[in-house]
Number of protein chains: 2
Amino acid sequence: MDKAKRKRLEARGWRVGTASDFLGLSAEEAALVEMKVSLSQALRARREARGLSQVALAKRLRSSQSRVAKMEAADQTVSIDLLLRGLVVLGATPRDIARVLGRDSGVAA
Amino acid sequence: MDKAKRKRLEARGWRVGTASDFLGLSAEEAALVEMKVSLSQALRARREARGLSQVALAKRLRSSQSRVAKMEAADQTVSIDLLLRGLVVLGATPRDIARVLGRDSGVAA
DNA sequence: TGCAGATATGTCAGAGGTGACATATACTGG
DNA sequence: CCAGTATATGTCACCTCTGACATATCTGCA
């Protein structure tokens, strides 16, 4: 990782470091991050499947393009609540969301 | 509903009224409320299954008994994020949570 | 009855998430 | 090349959620 990127990440509250530092993530934090990543991936997939731009989705959510981008990036400043609202606006039912959470996000724990 | 209760509810942001007013709940709002109720029920079930008091759970969550009570009541002031944190602290995995969301909460939509 | 433990409800100051804006980067057709 | 469209990133004022406290209700027990 280059120094500029590392600095940006740290400025946003991420702890950046070696693999053992990452293991410092408690099991609880890891589970929450895993869910957040799964939901953000599902959001992007649903939006693209409908041929909507981030601007179009933002409009339906009464939000902004930049927030949608952060949602899909599972940004630190985005809550799981907001991701769920996004999915629901795209037509996802609670069962659809359950399916998303039941699947593996592909991100190593 | 007596007037005092109605006033308290309205002060907290609930729209109180006739059945047709309730039908004004959009499908999106309904889906989110359904998930919230499912999660709050699962939280209480898990806590009780472990023989923990609300005070004991609050301690693990670094929160307070009153907030835990509101979580289990699916109070308006409680986010889904917080419910998920509670479940995870009680040992629920993302898959456990998926199972909870996949089930019917028993609350009419 | 009175006490102790558990849960419910109301309130509020402070922490953290949100929408909006500015700006940057990337891709595409002309 | 460049204009147009889509997405990414940084920042900030505003508003919601949160923890904590006070208090109320309920149950079981001595």
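Computed from a prediction, not measured in an experiment: that's the story for all the values here. Quick note on labels: first sequence line is chain A, next is B, and so on, each numbered from 1.
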In whole angstrom, what separates [X]'s [atom1] from [N]'s [atom2]?
X	N	atom1	atom2	value
B/I80	C/dG17	CD1	P	15 Å
B/L83	D/dT18	CG	P	8 Å
B/E72	C/dA6	CD	P	14 Å
A/D75	D/dT9	CG	C1'	9 Å
B/D81	C/dG16	CG	P	13 Å
A/Q76	C/dA15	CD	P	19 Å
A/Q54	C/dG19	CD	C1'	15 Å

Check your understanding: Which heavy atom of B/T77 sits nearest a heavy atom of B/D75, and at what distance?
Key -> N-OD1, 2.6 Å

Pairs of donor and acceptor atoms involving the side chains of residues 49-62 of chain B, under 3.5 Å and at least two apart or interchain, shall be tabulated with distances.
{"residue": "B/R50", "atom": "NH1", "partner": "B/L90", "partner atom": "O", "Å": "3.2"}
{"residue": "B/R50", "atom": "NH2", "partner": "B/L90", "partner atom": "O", "Å": "3.0"}
{"residue": "B/S53", "atom": "OG", "partner": "B/V55", "partner atom": "N", "Å": "3.4"}
{"residue": "B/S53", "atom": "OG", "partner": "B/A56", "partner atom": "N", "Å": "3.1"}
{"residue": "B/Q54", "atom": "OE1", "partner": "B/Q65", "partner atom": "NE2", "Å": "2.9"}
{"residue": "B/Q54", "atom": "NE2", "partner": "B/E72", "partner atom": "OE1", "Å": "3.1"}

Practice item. Select base, sugar-phosphate, or nothing to describe what B/V78 touches, counting heavy atoms under 4.0 Å on all strands. Key: sugar-phosphate

Could you list the protein-to-nucleotides 26-30 of chain C atom pairs, N/O on both sides, closer than 3.5 Å?
none

Check your understanding: If only side-chain N and O atoms of A/T77 are considered, is one of them under 4.0 Å from the OP1 or OP2 phosphate oxygen of C/dT18?
Key -> no

Review point. Do the non-hydrogen side-chain atoms of B/E29 and A/V88 ever get within less than 4.5 Å of each other?
Key: no

Point to revise | Side-chain touch A/E34/A/V107, heavy atoms, less than 4.5 angstrom | key: no

Expected list for residues 91-103 of chain A: side-chain donor-acceptor pairs under 3.5 angstrom, two or more places apart:
{"residue": "A/T93", "atom": "OG1", "partner": "A/R95", "partner atom": "N", "Å": "3.4"}
{"residue": "A/T93", "atom": "OG1", "partner": "A/D96", "partner atom": "N", "Å": "3.1"}
{"residue": "A/T93", "atom": "OG1", "partner": "A/D96", "partner atom": "OD2", "Å": "3.2"}
{"residue": "A/R95", "atom": "NE", "partner": "B/G102", "partner atom": "O", "Å": "3.4"}
{"residue": "A/D96", "atom": "OD1", "partner": "A/R99", "partner atom": "NH2", "Å": "2.6"}
{"residue": "A/D96", "atom": "OD2", "partner": "A/R46", "partner atom": "NH2", "Å": "3.2"}
{"residue": "A/D96", "atom": "OD2", "partner": "A/T93", "partner atom": "N", "Å": "2.9"}

**Study point:** Stepwise side-chain contact (heavy atoms from CB on, under 4.5 Å) test for B/R67 and B/V78
**Key:** CA-CA 8 Å; B/R67 182 116 326 251; B/V78 171; 3.7 Å; yes

Check your understanding: Where along residues 37-48 of chain B does a heavy atom come under 4.0 Å from DNA chain D, residue by residue in number order?
Key -> none

Polar-atom pairs under 3.5 Å, protein N or O versus N or O of nucleotides 20-26 of chain D: list them with distances, or write none.
{"residue": "D/dA20", "atom": "OP2", "partner": "B/S63", "partner atom": "O", "Å": "3.2"}
{"residue": "D/dA20", "atom": "N7", "partner": "B/S64", "partner atom": "OG", "Å": "3.1"}
{"residue": "D/dA20", "atom": "N7", "partner": "B/S66", "partner atom": "OG", "Å": "3.4"}
{"residue": "D/dC21", "atom": "N4", "partner": "B/S66", "partner atom": "OG", "Å": "2.4"}

Check your understanding: Are B/L43 and A/L32 connected in the hydrophobic side-chain network, where two residues link if heavy atoms are under 4.5 Å apart?
Key -> yes

Exercise for review: Go through the structure and list residues passing side chain to side chain contact (heavy atoms under 4.5 Å, CB included) with A/S79, not counting sequence neighbours.
Suggested key: A/D81, A/L82, B/D81

Point to revise | Distance-only donor-acceptor check, side chains B/Q41 and B/S38, under 3.5 Å | key: no

